[in-house]
Amino acid sequence: MARFVTRRLLTMLLMLFAISVVTFVLFIVALPGGNPAAMIAGRLANQAEIHLISVRYGFDKPIYIQYVNTMANIFDGSAFSYQQGFNVLSQLGGDAPATLSLAIGAGILWLLSSIALGTLAAIRSGKYTDRVLTVLSMVGVSLPPFLLGSVLIQYVGYKASLIPLGGYVSITHPLQWLWHMLAPWFTLSVLFIGFYSRVLRGSILDAMGEDYVRTARAKGLSERKVLVKHVLRMSLLPIISLWGLDIAQVIGGGAILTETVFDLHGIGWQAAQSIGNFDTVTLLTIVMITALSVVVIGALIDILYAVLDPRIRLT
Amino acid sequence: MSFSGSDIQAELAFAAQSAQGEEPPGEQPGIGPYRLAWRRLRRNRVAMVFGVIFILLVILCLLAPIYSQDVAHIGPNTGNLTGQIKVGGKLEYVLSLQGIPIGPTWDIHHYFLGADTNGRDVAVRLLYGGRSSLYIGVVAMLITMVLGTMLGIIAGYFRGWIDAVISRVNDLVWSYPAVLLGITLGTVLNVRGLWIFHSTTLLTTALVVGFVYIPYVVRPIRAQVLTLREREFVDAARQQGLGNIRIMFGEILPNVASTIIIFVPLMLANAILLEAALSFLGAGVQAPNSSWGTMIGAGLQVFPGAFHTVLAPGVMLVLAVMSVNIFGDGLRDALDPRSKAAI
């Protein structure tokens, strides 16, 4: 077990290294952000000043030195955006509350709703309820968040004045915060609910045919107990591991579309801004945060699975 | 459900014979798996209806030049900032003095679905935009499917270091959020231009979208090939002296065909959605081309006055994606009725 965990963690570190190199090459080398030294120096600077700055920040060094320096800056928190002029980590720290509010609220909403709807569809499998839920989930997975969000803002927000037109209010004003987060939570959840409830329905139906479920029934357990204690316990595993990875992506700025359309100034919104400004350092940091959260949670899930299910080969 | 290569060859031979109008000699052969699947699919009325809706959408978008020239008499990029049109017997400005475009007139000849902020005909642009969206969706899906299948088969068949390399690169691409990777690549390629074309084309976006989804196909195909390569018919093929290429694409490929077919509509729907998202964020289709995504993005900039410029492409987008999804769901049920899991 210890060897498996070590191995998995080592793979994870290698993965993060590879991601950082690929992202660096993609952003710093391929993205034409202009000469960063000239950008810092300002419009009135002369060649000598630009040269001085490029020596000071190491833009004249070979590319691998620049890579090491940039990574060091990102990790010790001194990286700053050449285009937007802020300290990247403190700026992203300021963006984090909006993204975390979105991720946690929507995550709870979509996990609970899809467990409820998926279970309902599975026990009513083939009946009218199941068909309606199937169609609804198909509509859900076909609705892009930016479209659903703008429809909500136009009709529920602007026409009916029931929700605000966007923006984020700090959680120190709990009621205002809740009021502003309702529509984003719903918008982000719809896509996932459609997908998750279908997956859960399938895995419950598969589990229903297993021997251990027949045994549970044969020993006289009520249908309810069989469902909750035996079927759901196994069927929820894939859902929860999916959920972990998706939450990790949302926290790392993956909800770009939802954050953009609701003007929530979170990490995803910042990513969209940075792309518009060719702000490579900020973008690089955001991608590193996302990759870090995805890779760490992925490794945790693998280890958790190995603990829970001894059949998984530890190689 | 797994098919062996010989089953499919028999099925093809049978199909070829019936196409020539000849009954095969001897006893009645069994019905092939694909014919059975087609029968099951035909009985699924919901899936068939949505399949037809998608085909109608495609035809409608292909007819864009005809609508533009012969019915609406206005090009997709023809602005009309100061003009007036007759609506219900009285003259109205296409753009109000505040710059708010006219809403749907429901008159098939003039601004059927209203105008956008440049006084361009939304209905005409909708059809032209649909051509871009569907073109990118189909090309991206083909890129994903061809490369994903090839990489999956190669990784699963050769195993060893080839598999390790392909799988690690796969994991690498996978750990980026799709939208974030898409906008990054899209921005880089759109700014620098694609080396062959020296400028941006619809193909740029198609390449980006197609690339992002490759890992989603490689993983399941690879897993399937890993078990298939241990089966007897692969041994038999090797005993006959077939080379690796022949075994991979002549023997194993037909056996993963049903998985590939199931993935086609799924990837098409995802590709159309991702293209719309990228174009909405400005990292996809670039002017003068337009797509449903760019139209939605442009429409939101005049919020709240002209919501029809958001709603029209939005409805088309959802209709297209939903019909592909529902048809794909029916297709999966038909090809693999035992599997109740949905993607």
B:R219 atom CZ: more than 12 heavy-atom contacts under 6.0 Å: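 Atom CZ in B:R219 is crowded, with more than 12 foreign heavy atoms closer than 6.0 Å.
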Please classify the contact between [X] and chain A as side chain, backbone, both or neither, with a heavy-atom cut-off of under 4.5 Å.
X: B:L311; value: side chain
X: B:A269; value: neither
X: B:L300; value: side chain
X: B:I272; value: neither

[Y] side chain reached by [X] side chain, heavy atoms, under 4.5 Å:
X: A:L143; Y: B:V321; result: no
X: A:T134; Y: B:I326; result: no
X: B:D329; Y: A:M138; result: yes
X: A:S142; Y: B:L319; result: no
X: B:T184; Y: A:T23; result: no

At a heavy-atom distance under 4.5 Å, which candidate from B:G186, B:A276, B:G282 has the highest pair count against chain A?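 If we count pairs closer than 4.5 Å to chain A, B:A276 comes out on top.
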For residues 284-292 of chain A, which side-chain N or O atoms pair as donor and acceptor with protein atoms under 3.5 Å away, sequence neighbours left out?
unit_1, atom_1, unit_2, atom_2, d
A:T285, OG1, A:V281, O, 2.7
A:T290, OG1, A:G252, O, 2.5
A:T290, OG1, A:I286, O, 2.8

Reported [atom1]-to-[atom2] distance for the pair [X] and [Y], which is rounded to 0.5 angstrom:
X: B:D171; Y: A:M12; atom1: CG; atom2: CE; result: 13.5 Å
X: A:T260; Y: B:L281; atom1: OG1; atom2: CG; result: 5.5 Å
X: B:R168; Y: A:L14; atom1: CZ; atom2: CG; result: 9.5 Å
X: A:L147; Y: B:L273; atom1: CG; atom2: CG; result: 10.0 Å

Taking all non-hydrogen atoms of both residues, which atom of A:L257 and which atom of B:A277 are closest, and how far apart?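 The answer is CD1-CB, 3.7 Å.
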Least distance between heavy atoms, A:V139 atom then B:M322 atom: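 The pair with the smallest heavy-atom distance is CG2-SD, 3.5 Å.
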By a 4.5 Å heavy-atom criterion (distance strictly below it), what part of [X] contacts chain B: side chain, backbone, both, or neither?
X: A:I19; answer: both
X: A:V135; answer: neither
X: A:L165; answer: side chain
X: A:A18; answer: both
X: A:V250; answer: neither

Ring centres of A:Y158 and B:F307 under 6.0 Å apart?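 They do not qualify: ring centres at least 6.0 Å apart.
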